[in-house]
Amino acid sequence: MPYNHQDVEKKWQERWQQAGVFHAKDNSIKPKFYCLIEFPYPSGAGLHIGHPRSYTALDVVARKRRMEGYNVLYPIGWDAFGLPTENYAIKTGRPPQEVTNENVATFKRQLQSLGFSFDWSREVNTTDPSYYKWTQWMFLEFFKAGLAYKARMPINWCLSCKIGLANEEVVDGKCERCGGPTEKRHKEQWMIAITKYADRLLEDLESVNYLEKIKTQQRNWIGRSEGVQINFSLMVPGQPDGKHHVTVFTTRPDTLFGATFLVVSPEKAQEWIQVGWKASDEVQVYVSAALKRSEIDRGAEDREKTGVDTGVRAINPANQEEIPVWVADYVLGGYGTGAIMAVPAHDERDFAFATAFHLPVRQVIRLANAPVRSYVMGADGISPADFENIGVTIARKTADGDYEVEIPRGREKEFERLMSEKMAPGFWNEYVGDETVFLFKHTDGHIERLVMNAQTMARIDELACEFNHLPYDPKDPGNYINGALARNTWYQPLIVHTQPGVLMNSGEFDGMENEQAKSAIPKKVGGEKKVQYKLRDWVFSRQRYWGEPIPLVFCQTCGWVAVPVEHLPVVLPIVEKYEPTDTGESPLAAMADWVNTSCPTCGSPAKRETDTMPNWAGSSWYFLRYIDPHNDTAFAAPEKLKYWMPVDWYNGGMEHTTLHLLYSRFWNKFLFDRGHVPVSEPYAKRTSHGLILAEDGTKMSKSKGNVVNPDEMVEQYGADAVRLYELFMGPFAEPVPWSLNGLVGMRRFLEKVIDAGQKIVDAEDAEVTRLLHQTIKKVSEDVEAMRFNTAVSQMMIFINGVKQMGGIRSTSFFLFLRVLCPFAPHLSNELHESFGGKELLETLPWPMFDPKIAQAEVVSIGVQINGKMRATIDVAPDAPQEQVQARALREPNVQKHLEGQTIRKTVYVAGRIINLIV
RNA sequence: GGGCGGGUGGCGUAAUUGGUAGCCGCGUCAGCCUUAGGAGCUGAUACCGCAAGGUGUGAGAGUUCGAGUCUCUCCCCGCCCACCA
């Protein structure tokens, strides 16, 4: 039976509104439940088909909680500041305020058409002055606490557009909009010291219920690493020795003896030049070129290492060795001290650099516990008995008279002695785990080591010949070895390993476990323990129009002064043009009568800050405003905050796990420290949903023309069908392709529900009752675990069952409608009413199930013989083994397979299988 | 390169967490009903085979009475981060 979904949906949406069933109460004896979705950015394109996935999921949760007796807050609002709207304004000349209002109206209509149970009376908009008044107020709190500060920061500058670009607007070093080249420029920016909270943001992850992958991403983003700072004294040409030094940060102080050179970042070199270092022309050219490049550009260069020798020398404090200091852009200015000690034998990047510039490599750690195999070539002077005498076993002897031997742990020294005494000059090698140690006996009798891994082995001759400038002949693998022997020049290890092990080539530390050396070596050289974070302070300035004005005034005598609280909000003035100015400043800078003001402290002429805030600002605290959205004396009343916070369940996209989630946690912690909010962590639970892809499995995009329009879907198939499909299409956390046919299937299901309502009987089959209780159970559990797809599936199984079993009692049908209501609220209310239900389903309690009824009376279990399925039999779920076994033996197919066999053992799992072992 | 997910019919997926692999939906096929069907109803649908039967969860090994699920080796795909010392 088809139904007119458009009328039905409109009718119930109006009823809900009239009844106000979704309004959260600020004072209630019910337990509270605060359920939050990420508020959307109201773009000109309208609602994306992906938005409702998250909203429907938490709508189901919110609706279920209400029926379970909770006072639920499920709010909605608009994160409306941002670049797309501003760019649209620049293009069309229309005020962004106006464009935003239009977009919000569209979004609102679209969301309402889907029947979400949002509390629309608490709608907020970040661009509303009564909202951003408080964003500004909070910024001033940061300012007053000394956490907001001004710093010179590099920005990406597009040479043709003459504007500053956000990092994500720079693609391959080029401007995203015009394709022109970009460079780095320096500009004073407002910063917020989020790094002061790094430790707490990390530690407090322990106290919240986030998906583990979300926690991991937050941890990685914060990027805490413990290490040591070590001083190296410098010898600068033309300056007295011992006057200068450089500090490096390292997490591997245990490898200090292997530090064969230092590398400083271009930024560090620039600093030195500024304080009077006379760098060579080559160094100056390199440094200025590196500094111009954007960071993204620097990373995109396929890791080809570049760099220049500075001519400066440093003293390795471990062994007093004199080592060169290089400048290279693979060392970042903004992390650690901007200078590193390079240990090429145990760091991939340092190794690549050393190889590119022929710098020495010294292995200082060997693998501790791997077995040792050795291949002995040209062992003319050695007999098998010599090996046996020292406990070395011969695994293989080749036709050429070479040996492959196995050396027990602890016998390496004896083996080495035997080699040096008895063997003719030549080489042998040891396999230690996946690396090979080559040992060379020179003509003068001394032994050298060479370390390689398996892959390198295959190319050893080629690489080594190239390195030693020897001719390479692939047909003669001995070429390199012979050449090297003849010239006595080789020593270069060709492998880098970063695994733990035991120290070597490290003076008094030889033989020490490297973990132990991590504290022992710094102790000797005076290293200082230090914790570093990848997290940087938050760049809070944007040279843009469409953002919250930063409420500060610059006065010649008083410096930066906060706009007094009673003058907030600093309202974004209407300007004529929205383009950034030629100097890269916000269009606000061109408004002389807005910019020029007087100092709130001394009254002398002063200028307003023309930078605006990033769009992360308004979204960092919106969950607090929902609690008391119309308050004009505070961002929210303390007692309301105390009642509602923290958010009980927050769902959003993985793309916001690092920035938005971290910023808002930080923002809330700061407000907590200032005594403005009652909890330190804003979100008790955080989950995330998967992307909805186009039918072809690729991302939906306007340019590909594969975007699904939610309006059309709702119009044609109904909001309930769309809601069900968004939940049914696949596991909630996974990306899933959209399928129109799948949506049609949901529509069919809804019509089957209507049909089931036509089959009301006085006495239903016990199977229907059982299915109903199973369905209540499964849906209840699945919603909590976010397994919405299987919850919907179970409801389908139920409806199929009703049809097959010939009908349903009206009381059962009513119970089913209550279960269906959170998923398909319009149709379930309509059916409920048409069968005489007076109340809104939303006001009825969530149904309970009886586990005894849900339990099946008869289960069919598998009969296996030696683990192979031979039959299935129907038995009671708790039937004793003897009974089941007897029953199983009566099966003809079982008898057939048992013929001539005796049962040795039986494994019986009640309700599942019985396995006869013969 | 690092981190996190995955690989099951023609497709999206499910599997009580070590116990009958393929539930539910889509698609397809057959039949019914229809002037018609991109509507509805009924049934079938992992693969090979007429059948008995056999095979089957990316590949290969292992543990187990029993493996999609656990262990090891390898291959492929997706997302995020990416020279962080």
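The sequence lines fix the lettering, A, B, ..., with proteins before strands; numbering per chain opens at 1.
There is no side-chain donor-acceptor pair under 3.5 Å between A:Q532 and A:S225.
One finds no side-chain N or O of A:N220 lying less than 4.0 angstrom from the OP1 or OP2 phosphate oxygen of B:C4. An OP1 or OP2 oxygen of B:U42 is reached within less than 4.0 angstrom by a side-chain nitrogen or oxygen of A:K803. Between A:R748 and the phosphate of B:G40, there is a side-chain N or O to OP1/OP2 separation shorter than 4.0 Å. Between A:N893 and B:G53 there is a side-chain polar atom (N or O) within less than 4.0 angstrom of OP1 or OP2. The side chain of A:S225 places an N or O atom within less than 4.0 Å of a non-bridging phosphate oxygen (OP1 or OP2) of B:A85. Taking 4.0 angstrom as the limit, A:K896 places a side-chain polar atom (N or O) nearer than this to OP1 or OP2 of B:G53. Under 4.0 angstrom from either OP1 or OP2 of B:A85 there lies at least one side-chain N or O belonging to A:Y335. Between A:K905 and the phosphate of B:U64, there is no side-chain N or O to OP1/OP2 separation shorter than 4.0 Å.
With B:G19, B:A85, B:G25 as the choices, the nucleotide that has an atom nearest any side-chain atom of A:M746 turns out to be B:G25. Nearest nucleotide to the A:V331 side chain, out of B:G25, B:A85, B:G3: B:A85. When distances are taken from the side chain of A:T250 to each of B:C80, B:A85, B:C83, the shortest belongs to B:A85. Nearest to the side-chain atoms of A:V907 among the listed nucleotides B:A85, B:C65, B:C80 stands B:C65.
Backbone-only engagement by A:V736 is indicated by non-hydrogen atom pairs under 4.0 Å involving sugar-phosphate atoms exclusively. Using a 4.0 Å heavy-atom distance criterion, A:T790 is classed as a sugar-phosphate-only contact. Residue A:D782 is classed as having no contact, given no heavy-atom separation below 4.0 Å to the nucleic acid. Residue contacts shown for A:N800 are limited to sugar-phosphate atoms, with no base heavy atom under 4.0 Å away. Counting any heavy atom pair closer than 4.0 Å across all strands shown, A:R870 reaches sugar-phosphate atoms only and no base atom. As judged by a 4.0 angstrom heavy-atom cut-off over every strand, A:G745 is placed among residues touching the sugar-phosphate backbone only.
Separation of the P atoms belonging to B:G58 and B:G9 is 8 Å when rounded to the nearest angstrom. Between B:U8 and B:C47, the two C1' atoms lie 13 Å apart (nearest whole Å). Across B:G10 and B:U64, the matching C1' atoms stand 35 Å from one another, rounded to whole Å. Between the P atoms of B:G7 and B:G40, the separation comes to 33 Å (whole Å). Going from the C1' atom of B:C48 to that of B:C4 covers 39 Å, rounded to whole Å. Atom C1' of B:A46 sits at a distance of 16 Å from the matching atom of B:C29, rounded to the whole Å. Distance noted for atom P between B:U71 and B:G19: 15 Å (whole Å). Nucleotides B:U57 and B:C76 place their C1' atoms 16 Å apart, quoted to the nearest Å.
The OG atom of A:S506 sits 7.5 Å away from atom CD1 of A:I365, with the distance rounded to the nearest 0.5 Å.
A salt bridge between A:D537 and A:K196 is absent, with no side-chain N of the basic residue lying under 4.0 Å from a carboxylate O of the acidic one. For the pair A:E515 and A:K518, the salt-bridge criterion is met [side-chain N within less than 4.0 Å of a carboxylate O]. With salt bridges taken as basic N to acidic carboxylate O contacts below 4.0 Å, none links A:E38 and A:R53.
In the interface, the side chain of A:K305 is paired with the base of B:C83 through a donor and an acceptor atom under 3.5 Å apart. Taking only distance into account, the side chain of A:N741 never meets the base of B:C26 through a donor-acceptor pair shorter than 3.5 Å.
Its glycosidic angle being within 90° of 0, B:G9 falls on the syn side. Classified by its glycosidic torsion, B:U17 falls in the syn category, the angle being within 90° of 0.
If A:Q864 and A:R252 are placed on RNA chain B by their nearest nucleotide, the residue sitting closer to the 5' end is A:Q864. Along RNA chain B, the nucleotide nearest A:I861 and the nucleotide nearest A:W221 are compared for position; the residue whose nucleotide lies closer to the 5' end is A:I861.
Pairing of B:C33, defined by two Watson-Crick or G-U wobble distances under 3.5 Å, is not identified with any nucleotide. Base pairing of B:G18: no nucleotide in any strand meets the Watson-Crick or G-U wobble criterion (both distances under 3.5 Å). The partner of B:C72 is B:G60, judged by Watson-Crick or G-U wobble contacts that both fall below 3.5 Å. With a cut-off of 3.5 Å on both Watson-Crick or G-U wobble distances, the partner of B:A44 is given as B:U28. As the counterpart of B:G66, no nucleotide is assigned, since no Watson-Crick or G-U wobble pattern has both distances under 3.5 Å. In this entry B:C4 has B:G78 as its Watson-Crick or G-U wobble partner, both defining distances falling under 3.5 Å.
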Check the pair A:W738, A:L743 against side chain to side chain contact (heavy atoms under 4.5 Å, CB included), reporting the backbone distance first and the verdict last.
CA-CA 9 Å; A:W738 179 263; A:L743 176 59; 3.9 Å; yes
The test is side chain to side chain donor-acceptor pair (under 3.5 Å); show your working for A:N651 and A:H689 and say whether it passes.
CA-CA 7 Å; A:N651 186 75; A:H689 57 264; 3.0 Å; yes
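One can place CZ of A:F249 at 15 Å from C1' of B:C83, the figure rounded to the nearest angstrom. In this structure, the CD atom of A:E751 is 15 Å from the C1' atom of B:G25, given to the nearest Å. Rounding to whole angstrom units, CH2 of residue A:W326 and C1' of B:A85 are separated by 18 Å. Atom NZ of A:K213 and atom P of B:G5 are 8 Å apart (whole Å). Computed from coordinates, the A:R224 CZ to B:C81 C1' distance equals 20 Å when rounded to whole Å. Distance CD (A:Q774) to C1' (B:A14): 16 Å, rounded to an integer number of Å. Taking atom CD1 on A:I917 and atom C1' on B:C65, their separation rounds to 4 Å, with Å as the unit. Following rounding to the nearest Å, A:F728 (CZ) and B:C24 (P) show an atom-to-atom distance of 10 Å.
For the pair A:K305 and A:F353, the cation-pi criterion (under 6.0 Å, within 45° of the ring axis) is not fulfilled.
Ring pair A:H656/A:H660 is perpendicular by interplanar angle, where above 60° counts as perpendicular and below 30° as parallel.
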